[in-house]
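Take a look at the structure below.
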Amino acid sequence: MSDITLPTPYAPAAIEPKWRDRWADRGTNHAALDNAARPFYALMMFPYPSAEGLHVGNLFAFTGSDISARFHRLLGYDVFQPLGYDAFGIHSENYALRIGAHPMELTPKNVANFQRQLERAGLMVDWRQKVDTSRPEYYKWTQWVFLQLYRQGLAYKKAAAVNWCPSCKTVLANEQVEGGTCERCGTAVEQRFLEQWFFRISAYAERLLNNLEWLDWSPITKSAQKNWIGRSEGAELSFRVDGQTDTVTVFTTRPDTIFGATYLVLAPEHPLVATVTTEAQRAAVAGYQEATKKQDLISRKSTKEKTGVFTGAYAVNPATGANIPIWIADYVLMEYGTGAIMAVPGHDERDFEFAQLFALPIVRVVAGPDDRADTPLGEVAYTDDAQGRLVNSGTFDGLPVAEAKTAVTAWLAAGGHGTKVTNYRLHDWCISRQRYWGPPIPIIYCDACGTVPVPESQLPVELPFIPDFKPDDSGISPLARHEEWFRVPCPTCGAPARRETDVSDTFLDSAWYFLRYPSATRSDVAFDADRTSRWLPVDSYIGGNEHAVLHLLYSRFVTMVMKDAGHIDFEEPFTRFRAHGMIIREGAKMSKSKGNVINPDVYMEEWGADAFRMYLMFLGPYEEGGDFRDQGISGVRRFLDRLWASVRDARADVPIDANVVRQVHRTIKKVGDDTAGLSYNTAIAAMMECLNHLRSGDRAVHRAEVLPLVQLVAAYAPHFAEECWEMLGHTGSVFDAGWPTFDPAMLVDNEVDLVVQVNGKVRGKLRLAADVTQDAAMAGAMADAGIAKFVVGEIKKVIFVPKRLLNIVV
RNA sequence: ACCCGGAUGGCGAAAUCGGUAGACGCGAGGGACUUAAAAUCCCUGGAUCGCAAGGUCGUGUGGGUUCGAGUCCCACUCCGGGUACCA
């Protein structure tokens, strides 16, 4: 028998389960929730557990977040990294409808599958604190959150338009409407008015906007929120209706152009339409209103062709005293501003188009630098407010637009015609869903007592199991078909009463989940005061920018409300937020219809979870995403194989190479900096480069050379690093071993390659001492024949950048 | 239409401050070791002219600033994402 034993190869299939079991047994990933000294809350956006299973995009996001969490742990923080499932909502419900299953049975299966896949990825998640938004233990507190808003007067009910498919006989979310038709049957979608619950997020617009100033968030996310909140300063101006007592109030950001307002436009739904319309125009106006109502909300906003009808009425322009016609048109939206505008066709593109179509007068009241007061406007409106000056505007002639805005507003205000107003694009949050798969809104209607909130002691209002959860033609929730559920005694007077049958929006489930995690096992409170103050606000939140607006804005709003209600002492939930990029394949978004979806299981099986994690991080900058290629993964796997072999074969009785040690110290610095900045791809490249040095020429590797590399790779390839750490003779987890330190003295070079340019062109390189003087460098350059031959004629100038270059200009 | 990103070898990418463009990896070619293969190690690798030394060109396009531009400024093209009649 041979006494040669083959070296053990890296075998992820064996070591990955071994370490996952050990982590679970030892509670390695559990945070000390009640007594952590240096708490660090690392949060990632929780997934919707789809039936298709974990998407490679999910794993890309989670891995990046996990690396950041593990890195902080190595730096010495007590890291709490929870994860859970956003399991309620229309996605799950529609999928269940499509395959003829029930969401209450389907969801647990999907969650179990996700759980299996996620555990395999080796995330440092404290699974004790897992949440599932569709479980009564969780949504009891979602309902409690609703009640907190209700108590503060921030939840109210009003009639609002919804998309309605007359064929499917159901309410559709905006995302289910494609080009004005139902995504399922293709029927043209209409709008219906239904009583719905709203949250008064608009009251928080200013605060939501102002706090963006100091939040440490990805700039793209901040700008998306800023645009969404859409603050605009302007004025509300009143126009008296000629011959009537009514006045029309309009909102405008260009009060300076009032002398050019040649007509008014009301939204078709505007309440004044009924009173101002003349007898002669009544039929035309009613017809137009009817036609508008038939259109869905989306197509109304995307059709650019202007339409409208004259009401027959006139209003008085307070600046000019002229009578101007009042029209209705669907390009004016009831939900923004006052639902009415003053039209200034000379200086607004939409008004210009409308005025041309209906032959309404177009007047110039702003002139550009090259225009005179009587220069015709031509084919387009003049909208430049940076360079324009007023003309044809009485005493305001000559004023620049910015000054005129203030001056005109003050003048109109003095005459009782208007006030300065700030408007927001942000509208109140409609949380009602006439659907089944969500938390019932905890409200009871009593004929005697009116709207009664469900007492907290009676929470949760459990979602009943009903087989027929499909929405029907009534336009009200499926729960309304179940009398045994919705008929309840009034909590106040005991008389027969009815439950609210709408469920709340999925976005409410996710607007407070970060508050729940540390207290997930508590059944007596939504969130424990001590734990919350210890762990929140979240130190690092990582997620997709598709949630830049809704989820992140709603979470901020709910947090502010919780603070105002006295439940917490901070008002911003996420101190730091970073948006990751998207994984595409062959230049296209991954989707089932394109057949380019990656199943992570297959790759983890073939290459190991660690290699797969590392490959996802290596394929491009984390904050930009990248293109998934099958071949690329072999490179990181080879790196792990080689690092493995180096650890396995490392010795303590071979010389340590000073240059290798320098390289290791540089790599510690670079990987630390890059990991902190989420530059995972370059951190991995640096580790590869270092290993190449370490092994170059098949040299014997010293234990001390390779040991820090195991610590550096740990956040990226956790199972792998644990096994290597054990091979190096340690018994504890590598994640409790800390982050290696580097010696700053090791980072500086004594000698550098100085680039020598002549007239900006590289002509040579000199190996010189780092602190060489310009004169010495110059002497060195002139001594080099290859450089000197380009230095012909008089030397006009010499640029010397120490340690970098010498440029000789002749 | 508007607001954000982005465009660099055959491919994914790097270049943190205006200072050697292409690190690292994939794919490709060649070599060493091996009976052979795998693994490992070494070498080549933007284009073009040249036997070579070496030259010239080169970061989407066109201008500009600078001793020097992938990086800054102006104008534009294309691609991706978001918002969309917001007054």
Side-chain angles (χ1 to χ4, degrees), chain A residues 7 9 219-224 226-228 230-232 234 250-254 257 265 298 300-306 329-333 335-344 348-351 353-354 423-427 545-546 548-549 581-582 584 587-589 615 618-621 623-636 638-639 641-642 645 670 673-674 677 679 681-692 695-699 753-765 786 796-801 803-810:
Chain A
I220 38 169
T221 312
K222 281 198 199 187
S223 99
K226 205 172 163 181
N227 291 340
W228 187 264
R231 179 190 155 100
S232 59
V250 305
F251 174 72
T252 178
T253 55
R254 294 294 303 273
T257 61
V265 187
I298 304 291
R300 170 170 166 185
K301 288 177 183 176
S302 56
T303 320
K304 290 278 186 220
E305 293 81 51
K306 296 284 177 291
D330 65 4
Y331 83 91
V332 174
L333 309 172
E335 59 272 22
Y336 185 75
T338 59
I341 61 156
M342 66 175 199
V344 185
D348 181 279
E349 283 170 32
R350 295 149 302 176
D351 297 345
E353 199 188 318
F354 191 84
N423 236 314
Y424 296 91
R425 207 195 74 108
L426 179 68
H427 46 264
N545 219 34
E546 67 272 21
V549 176
M582 210 171 53
I584 54 169
K589 224 174 186 169
Y615 172 60
F618 188 58
L619 53 70
E623 290 177 89
E624 285 167 36
D627 207 330
F628 189 95
R629 317 225 147 215
D630 295 0
Q631 318 94 304
I633 194 169
S634 61
V636 286
R638 264 201 280 267
F639 164 73
D641 283 333
R642 284 160 10 106
K670 171 135 181 85
D673 290 350
D674 285 358
S679 294
N681 55 334
T682 54
I684 293 168
M687 291 188 269
M688 288 173 165
E689 205 173 349
C690 186
L691 185 68
N692 289 346
R695 294 171 62 84
S696 119
D698 257 341
R699 62 182 285 275
D753 282 326
L754 193 76
V755 172
V756 182
Q757 298 181 333
V758 178
N759 288 342
K761 290 199 167 155
V762 178
R763 297 301 182 183
K765 236 188 275 188
K796 289 187 191 152
K797 196 172 173 187
V798 175
I799 289 109
F800 179 64
V801 183
K803 295 183 198 177
R804 288 202 181 268
L805 98 169
L806 181 74
N807 188 6
I808 303 162
V809 184
V810 297

* To do: Report the glycosidic orientation of G81(B): syn if within 90° of 0, anti in every other case.
  => anti
* Asked: Can you tell me if Ser232(A) and Asn423(A) form a side-chain donor-acceptor pair at under 3.5 Å?
  -> no
* To do: Report which part of the nucleic acid Arg804(A) touches: base, sugar-phosphate, or nothing (heavy-atom distance under 4.0 Å, all strands).
  => sugar-phosphate
* Asked: So does Asn681(A) get a side-chain nitrogen or oxygen closer than 4.0 Å to the phosphate oxygens (OP1/OP2) of A14(B)?
  -> yes
* Asked: Is Pro219(A) touching bases, backbone alone, or none of the nucleic acid, heavy atoms closer than 4.0 Å?
  -> nothing
* What nucleic acid atoms does Asn227(A) come within less than 4.0 Å of, heavy atoms only: base, sugar-phosphate, or nothing? -> sugar-phosphate
* Distance check: side-chain N/O of Arg638(A) vs OP1/OP2 of C26(B), anything under 4.0 Å? -> yes
* To do: Have a look at Arg699(A) and say if it touches a base, only the backbone sugar-phosphate, or nothing, with a 4.0 Å heavy-atom cut-off.
  => nothing
* For Ile633(A) and for Gly625(A), locate the closest nucleotide of RNA chain B by heavy-atom distance; then report the residue assigned to the nucleotide nearer the 5' terminus. => Gly625(A)
* Base G19(B) paired with Gln757(A) side chain (donor-acceptor, <3.5 Å) -> yes
* Taking only the side-chain nitrogens and oxygens of Arg695(A), find out if one of them lies under 4.0 Å from OP1 or OP2 of C41(B). => yes
* Is there a Watson-Crick or G-U wobble partner for G58(B) with both distances under 3.5 Å, and which nucleotide is it? -> none
* To do: Could you classify C78(B) for me, syn or anti, using a glycosidic angle within 90° of 0 as syn?
  => anti
* Structure fact -> Taking for Glu689(A) and for Glu349(A) the nucleotide of RNA chain B with the nearest heavy atom, the one nearer the 5' end belongs to Glu349(A)
* Asked: Touch check for Asp641(A), heavy atoms < 4.0 angstrom, all strands: base, sugar-phosphate only, or nothing?
  -> nothing
